[in-house]
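Side chains included, hydrogens not; waters and symmetry mates left out as well; all remaining heavy atoms used. Numbers here are sequence positions counted from 1.
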Amino acid sequence: MIGENDFEIDAFTCDALDNEALNFTTKGIYHLYGFLEAGNEQLPWSIILKVIKPDSEEKDDIQHHNYWRREALLFEYNLLDDLSEYIIAPNIYLVEEQDDGTIWLWMERVNGRFPHSREQFNSIAHRLGMFNAEYLTAAKALPDEIWICRNWLKSWTISSRMYAPNPESYIYKLQDEETKYIWDWFKNLSENTNEMLDSLSQLPRVLAHQDLGQKNMILTSDDQLVFIDWQFLSISGIGEDLGKMFGVNMSLGIIPTDQYETYRESLFYSYIKGMRELGWKGDEGLARYGYCISTALRSVWEVPQLCSLAAELESNPTNAKLQERVYQLKQIINIHKAMDYEAESLKRTSL
């Protein structure tokens, strides 16, 4: 961090960061900061320590979407150095294997702000398009390390099916006709899911982050875009990363419910604009297909969640928090349905 200078660390502080939504393979994230003496100067320093750990047996599979060692390997092999001029990753200072089986990742603390406005999200989608286009115009070659996931969405879908609740035993006892209609649509989607996933292999391949929730995207004061948490790095089809970004930020409540359709179109427009500016001349229907499939298949997790909460709401009909979440999920799934139908149409014309 400070070059070759000799130094001594004065007192420092270690804060545990918000652990509410940690990945299964993350044991903790900490911010360490303080002052050091270097020569006659007292200098501030600040660093992030991320502790990763093994989890279940499935996450030992190098092609699992959540292979637990992937981020450590990315840093050890320097795969994120000079990533792009459009999207960058934090500097990594040290990767340490510990006796307890955990791995400690010491990395740069990035100062900046998380996106919150549509304009900021559109700007990120634009840069994501430019980043993806670099791999389609021979500007950059895709990495070939075997532990980079090649079928991220398929692996995620299989895992989500394993852990999602199954409402089959009670769904038709609900009074809510809209939820029952959604379940019927979802069963049809489920029958076609494997075919949909296989069709993604026909899309041009790009490097994808696959976890673009709001707090993994940082806008700095000097107009850089930094993506953090690269655990899900994959080689995916065009449009898939954008679909994850759109879908997960709806789920997290970052995108306002009444702006879902506006974001759906403005994000894709910005993404394609970025790809075109970098010289990609391919069929944008291919990117739209990847975008639609990636968004629609989030229903694998969110439809069972809706059914469970709708049943809970019928037992507790005055619960305002439940009412709000059920309403939000229905609006999200309406977007999933629309993008599923659009993907089916695109399949006939672009694939």
Side-chain angles (χ1 to χ4, degrees), residues 65 83-84 86-87 114-115 117-137 142 149 151-154 156-157 196-197 199-219 225-230 232-252 254-255 259-278 280 282-299 302 332 335-336 338-340 342-343 346-347 350-351:
H65 73 279
L83 182 66
S84 169
Y86 311 109
I87 291 168
F114 303 125
S117 68
R118 182 157 55 90
E119 291 72 23
Q120 289 170 333
F121 273 89
N122 287 343
S123 174
I124 291 171
H126 180 256
R127 296 195 202 191
L128 183 63
M130 298 172 87
F131 171 61
N132 281 179
E134 290 184 293
Y135 297 95
L136 303 175
T137 58
L142 288 167
C149 189
N151 290 287
W152 191 92
L153 192 56
K154 184 172 186 177
W156 179 86
T157 300
M196 294 166 70
L197 289 166
S199 69
L200 292 175
S201 64
Q202 300 179 51
L203 300 179
R205 315 315 284 171
V206 296
L207 201 63
H209 181 280
Q210 289 288 17
D211 198 11
L212 296 178
Q214 183 199 45
K215 292 188 177 181
N216 284 341
M217 305 181 290
I218 301 174
L219 299 162
L225 172 60
V226 184
F227 285 174
I228 62 173
D229 194 357
W230 288 85
F232 289 169
L233 184 84
S234 71
I235 295 172
S236 298
I238 52 173
E240 285 189 51
D241 221 3
L242 185 70
K244 175 62 183 285
M245 174 180 158
F246 176 45
V248 76
N249 286 292
M250 282 195 294
S251 300
L252 292 171
I254 307 303
I255 299 176
Q259 295 184 40
Y260 288 167
E261 293 186 7
T262 302
Y263 269 77
R264 178 183 65 190
E265 299 311 318
S266 68
L267 289 176
F268 184 73
Y269 172 82
S270 300
Y271 178 72
I272 290 297
K273 183 179 178 184
M275 297 185 81
R276 295 302 191 208
E277 287 179 11
L278 258 287
W280 184 65
D283 177 6
E284 73 176 58
L286 296 173
R288 185 77 181 191
Y289 184 79
Y291 178 50
C292 287
I293 293 290
S294 179
T295 305
L297 284 180
R298 290 190 60 79
S299 60
E302 288 172 326
I332 290 172
I335 294 292
H336 293 172
M339 296 182 82
D340 170 39
E342 184 179 354
L346 286 165
K347 187 177 179 180
S350 292
L351 291 189

Open item on the list: Taking the side chain as everything from C-beta on, heavy atoms only, tell me whether Tyr271 gets closer than 4.5 Å to Leu267.
Closed with: no
Open item on the list: Quick check: do Ser84 and Phe131 have side-chain heavy atoms less than 4.5 Å from each other?
Closed with: yes
Task: Ring geometry between Tyr291 and Phe246 (parallel below 30°, tilted from 30 to 60°, perpendicular above 60°) - done: tilted
TODO: Flag yes if more than 12 heavy atoms outside Glu119 fall under 6.0 Å of its CD atom; otherwise flag no.
DONE: yes
Open item on the list: Quick check on Tyr260: does its OH atom have over 12 non-hydrogen neighbours (other residues, nucleotides or ligands) under 6.0 Å away?
Closed with: yes
TODO: Check whether any side-chain heavy atom of Ile335 sits under 4.5 Å from a side-chain heavy atom of Tyr263, and report yes or no.
DONE: no
- [ ] Quick one: do Ile293 and Asp340 satisfy side chain to side chain contact (heavy atoms under 4.5 Å, CB included)? Show the steps, please.
- [x] CA-CA 7 Å; Ile293 293 290; Asp340 170 39; 5.8 Å; no
Open item on the list: Tell me if the NZ atom of Lys347 is crowded by more than 12 foreign heavy atoms within 6.0 Å.
Closed with: yes
Task: Flag side-chain contact, heavy atom, 4.5 Å: Leu128 against Leu225 - done: no
- [ ] Decide yes or no for Phe114 and Ile254: does some side-chain heavy atom of the first lie under 4.5 Å from some side-chain heavy atom of the second?
- [x] no
Open item on the list: Rounded at 0.5 Å granularity, tell me how far CG in Leu252 sits from CE in Met250.
Closed with: 10.5 Å
Open item on the list: Between Ile238 and Met275, is the side chain to side chain contact (heavy atoms under 4.5 Å, CB included) condition met? List the steps.
Closed with: CA-CA 10 Å; Ile238 52 173; Met275 297 185 81; 4.0 Å; yes
- [ ] Decide yes or no for Met339 and Arg264: does some side-chain heavy atom of the first lie under 4.5 Å from some side-chain heavy atom of the second?
- [x] yes
TODO: Rounded to the nearest 0.5 Å, what's the gap from OG on Ser299 to CD1 on Ile332? Could you check?
DONE: 11.5 Å
Task: Main-chain N/O of Leu203 paired with Arg205 side-chain donor or acceptor, under 3.5 Å - done: yes
- [ ] Provide the closest heavy-atom pair for Ser350 versus Asp283 in the form atom of the first, atom of the second, distance.
- [x] OG-OD2, 3.2 Å
TODO: Kindly compute the distance separating CD1 (Ile87) from CG (Asp241), expressed to the nearest 0.5 Å.
DONE: 8.0 Å
Open item on the list: Tell me whether His209 contacts the main-chain N or O of Asp229 through its side chain, where contact means a donor paired with an acceptor under 3.5 Å.
Closed with: yes
Open item on the list: Quick check for you: to the nearest 0.5 Å, what is the distance between Leu200 atom CG and Glu240 atom CD?
Closed with: 4.5 Å
Task: Ser251 (side chain) donor-acceptor with Gly247 (main chain) under 3.5 angstrom - done: yes
TODO: Describe, in one word, how the ring planes of Trp152 and Phe232 are oriented to each other, choosing from parallel (under 30°), tilted (30 to 60°) and perpendicular (over 60°).
DONE: tilted
Open item on the list: So does Leu207 get a backbone contact from the side chain of Asn132, meaning a donor-acceptor N/O pair under 3.5 Å?
Closed with: yes
Task: Presence of salt bridge, Arg288 and Glu265, under 4.0 angstrom - done: yes
- [ ] To the nearest 0.5 Å, tell me how far Glu134 CD sits from Leu83 CG.
- [x] 8.0 Å
N/O donor-acceptor pairs under 3.5 Å from side chains in residues 212-219, not counting sequence neighbours:
unit_1, atom_1, unit_2, atom_2, d
Gln214, NE2, Pro115, O, 2.7
Asn216, ND2, Asp211, O, 2.8
Asn216, ND2, Asp211, OD2, 3.4

- [ ] Give the C-alpha distance, both sets of side-chain angles, the deciding distance and a yes or no for side chain to side chain contact (heavy atoms under 4.5 Å, CB included) between Leu197 and Leu297.
- [x] CA-CA 9 Å; Leu197 289 166; Leu297 284 180; 3.6 Å; yes
Open item on the list: Any non-hydrogen side-chain atom of Leu153 less than 4.5 Å from a side-chain atom of Ser236?
Closed with: no
Task: Side chain proximity check, Gln210 to His65, heavy atoms < 4.5 angstrom - done: no
Task: His126 backbone acceptor or donor facing Ser270 side chain under 3.5 Å - done: no
Task: Point-to-point distance, once rounded to the nearest 0.5 Å, from CE of Met196 to SG of Cys292 - done: 9.5 Å
